[in-house]
Colleague: 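Below is the structure I would like to discuss, written out as structure tokens.
What you are looking at is a predicted structure, and each value in this text was computed from that prediction instead of being measured. Worth knowing before you read on, the calculation uses all heavy atoms, side chains too, and leaves out hydrogens, waters and symmetry mates. In the text below, chain A, chain B and the rest are named by the order of the sequence lines, each starting its count at 1.
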2 protein chains.
Amino acid sequence: MNKDCPVTLEACMGMIRPVRDALDVLSGKWKIPILISLSFGNKRFGQMTRDIPKITDRMLSKELRDLEVNGLVQRRVHDSVPVFVEYSLTEYGHSLDKVIHELRDWGVKHRERYAEPDKVY
Amino acid sequence: MNKDCPVTLEACMGMIRPVRDALDVLSGKWKIPILISLSFGNKRFGQMTRDIPKITDRMLSKELRDLEVNGLVQRRVHDSVPVFVEYSLTEYGHSLDKVIHELRDWGVKHRERYAEPDKVY
DNA sequence: ATTATCACTATACATTAGTATAGTACTTAC
DNA sequence: GTAAGTACTATACTAATGTATAGTGATAAT
């Protein structure tokens with residue numbers, strides 16, 4: 001029984017759809033690291049390249065633009081000399097705090113479970 | 001001040017590392033949909049291909065194996081005739097419930113914000 | 001004078017992820 | 001006997017993602 005139950009199918013899609021939406025916004029290797037970096041305070045471009053190990057300028061630039069388009073990050077140019085560009089999390093960006101927190105918690109437990117002491121970052 | 005503060009750098013990595021671990025396990029377009037499908041009850045292969053729109057047999061097979069290797073999914077072969085293979089979430093698989101729940105909640109809010117009524121799945 | 005920092009962009013390439021299509025070997029229903 | 005379902009695997013391809021390397025034009029420090 002319950003083979004292809006339409007209620008289950010509906011419920012299933014009701015979960016899958018929004019989870020996909022969320023993961024689309026966060027997709028790629030660098031978006032969450034960038035959000036984490038900004039969660040510790042407003043940052044400049046160069047500072048973030050140092051915060052996030054192994055990220056290239058190209059990736060940081062590209063991903064910051066994506067995040068800006070999605071309203072998670074704000075880019076402010078101060079017209080001092082030399083120019084000074086400041087990135088910060090928007091309020092909307094902060095709405096991801098809980099998601100990131102849960103991911104971190106699970107990741108910590110997972111790491112304890114399958115300890116990989118030789119993995120390098 | 002606070003340029004390249006080592007405490008911030010350390011804290012930053014303390015977040016990034018486990019979040020990456022988590023996302024490594026959940027990476028790709030299909031793993032979370034598969035976990036969601038199984039969260040509604042044990043399933044057979046063919047049933048899951050119908051649960052998860054557009055997934056191909058190859059992807060389902062491959063991702064199920066990945067999830068099995070990571071201990072999130074259990075595969076049980078019942079030696080009836082014809083064979084009957086049953087997939088289920090392990091207890092460890094269920095430990096992702098909160099993560100998936102948060103992703104869904106955020107995805108729902110995001111969808112409300114940028115309503116995309118024409119997007120098809 | 002040379003080097004470094006600032007915030008990037010451009011080009012080319014490599015790797016990874018996902019898709020399309022077909023096929024296996026068996027069984028059951030029409 | 002034909003089609004459909006069972007649970008997959010194989011091969012070949014495309015698309016998406018990420019990397020490597022270099023360069024810009026301004027300023028500022030050594």
Colleague: Does anything in residues 55-74 of chain B form a ring pair (Phe, Tyr, Trp, His ring centres under 6.0 Å)? List the pairs, not counting sequence neighbours.
Modeller: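 As it turns out, there is no ring pair (Phe, Tyr, Trp, His ring centres under 6.0 Å) pair with a partner in residues 55-74 of chain B once direct neighbours are skipped.
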Colleague: By nearest nucleotide on DNA chain C, pick out whichever of B:Lys62 and A:Val85 is the more 5' one.
Modeller: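 Between the two, 5'-proximity favours A:Val85.
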Colleague: I'd like to check B:Asp105 versus A:Lys98 (side-chain heavy atoms, cut-off strictly below 4.5 Å). Are they in contact?
Modeller: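 Sidechains of A:Lys98 and B:Asp105: no contact.
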Colleague: Under 4.0 Å between a side-chain N/O of B:Arg75 and OP1 or OP2 of D:dA7, yes or no?
Modeller: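 Answer no for this pair, as no side-chain N or O of B:Arg75 is under 4.0 Å from OP1 or OP2.
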Colleague: Among all residues two or more places apart in sequence or in another chain, which pass the salt bridge (Lys or Arg N to Asp or Glu O under 4.0 Å) test with B:Lys109?
Modeller: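 For B:Lys109 there are no salt bridge (Lys or Arg N to Asp or Glu O under 4.0 Å) partners, ignoring immediate neighbours.
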Colleague: According to the ring pair (Phe, Tyr, Trp, His ring centres under 6.0 Å) rule, which pairs have a member within residues 10-32 of chain B, sequence neighbours left out?
Modeller: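 Sorted result for residues 10-32 of chain B: empty, none.
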Colleague: Walk along nucleotides 22-30 of chain C from 5' to 3' and tag each nucleotide B, S or - by protein heavy-atom contact under 4.0 Å, base first, then sugar-phosphate.
Modeller: ---------
Colleague: Using whole Å, what does the distance between atom P of nucleotide D:dT17 and atom CH2 of A:Trp30 come to?
Modeller: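 Distance check: A:Trp30 CH2 to D:dT17 P gives 15 Å.
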Colleague: What is the distance, rounded to the nearest whole Å, between atom NZ of A:Lys29 and atom P of C:dA17?
Modeller: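 Value for this atom pair: 11 Å.
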Colleague: In whole Å, what is the span from the CZ atom of A:Phe45 to the P atom of C:dT5?
Modeller: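 Those two atoms, CZ and P, are 14 Å apart.
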Colleague: Any protein N or O atoms within reach of nucleotides 10-13 of chain D? Criterion: under 3.5 Å, listing atom names and distances.
Modeller:
unit_1, atom_1, unit_2, atom_2, d
D:dT11, O4, B:Arg58, NE, 3.1

Colleague: Would you compute the distance between atom OG1 of B:Thr90 and atom CG of B:Leu67 and round it to the nearest 0.5 angstrom?
Modeller: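 Reported to 0.5 Å precision, the distance equals 9.5 Å.
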Colleague: Just how far, in rounded Å, is C1' of C:dA17 from CD of B:Glu63?
Modeller: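 Result: 9 Å.
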Colleague: Is the phosphate of D:dT19, meaning OP1 or OP2, less than 4.0 Å from a side-chain N or O of A:Thr56?
Modeller: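 False: A:Thr56 side-chain N/O out of range (4.0 Å or more) of D:dT19 OP1/OP2.
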Colleague: Given C:dC8, is OP1 or OP2 found less than 4.0 Å from the side-chain N or O atoms of A:Tyr87?
Modeller: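 Answer yes for this pair, as a side-chain N or O of A:Tyr87 is under 4.0 Å from OP1 or OP2.
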Colleague: Who pairs with A:Asn42 by side-chain hydrogen bond (donor to acceptor under 3.5 Å, both in side chains), at least two apart in sequence or on another chain?
Modeller: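 With sequence neighbours excluded, A:Asn42 shows a side-chain hydrogen bond (donor to acceptor under 3.5 Å, both in side chains) to A:Glu86, given in chain and number order.
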Colleague: Does the plane of the ring in B:His78 sit parallel, tilted or perpendicular to the ring in B:Phe84? Use 30° and 60° as the thresholds.
Modeller: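 Parallel, since the angle between the ring planes stays under 30°.
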Colleague: In whole Å, what is the span from the CG atom of B:Leu60 to the C1' atom of D:dC8?
Modeller: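 So the two atoms are 10 Å apart, to the nearest Å.
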Colleague: Nearest 0.5 Å, please: how far is CG in B:Leu26 from CG in B:Leu35?
Modeller: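 B:Leu35 atom CG to B:Leu26 atom CG measures 7.0 Å (nearest 0.5 Å).
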Colleague: Could you check how far CE of B:Met59 sits from P of D:dT9, rounded to whole Å?
Modeller: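 Distance check: B:Met59 CE to D:dT9 P gives 13 Å.
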Colleague: May I have the distance from B:Ile52 (atom CD1) to C:dG18 (atom P), rounded to whole angstrom?
Modeller: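 In whole Å, C:dG18 P lies 13 Å from B:Ile52 CD1.
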Colleague: Quick one: which of B:Leu23, B:Ile16, B:Asp21 gives a side-chain contact (heavy atoms from CB on, under 4.5 Å) with B:Val19?
Modeller: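 When B:Leu23, B:Ile16, B:Asp21 are each tested with B:Val19, the side-chain contact (heavy atoms from CB on, under 4.5 Å) holds only for B:Leu23.
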Colleague: Just how far, in rounded Å, is C1' of D:dT17 from NZ of A:Lys54?
Modeller: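 Distance, rounded to whole Å: 18 Å.
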Colleague: May I ask you to evaluate whether A:Arg50 reaches the phosphate of C:dC6, defined as a side-chain N or O under 4.0 Å from OP1 or OP2?
Modeller: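 Affirmative; the distance criterion is met.
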Colleague: Tell me whether the OP1 or OP2 atom of C:dC8 has a side-chain N or O from A:Ser61 closer than 4.0 Å.
Modeller: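 No, A:Ser61 has no side-chain N/O under 4.0 Å of OP1/OP2 on C:dC8.
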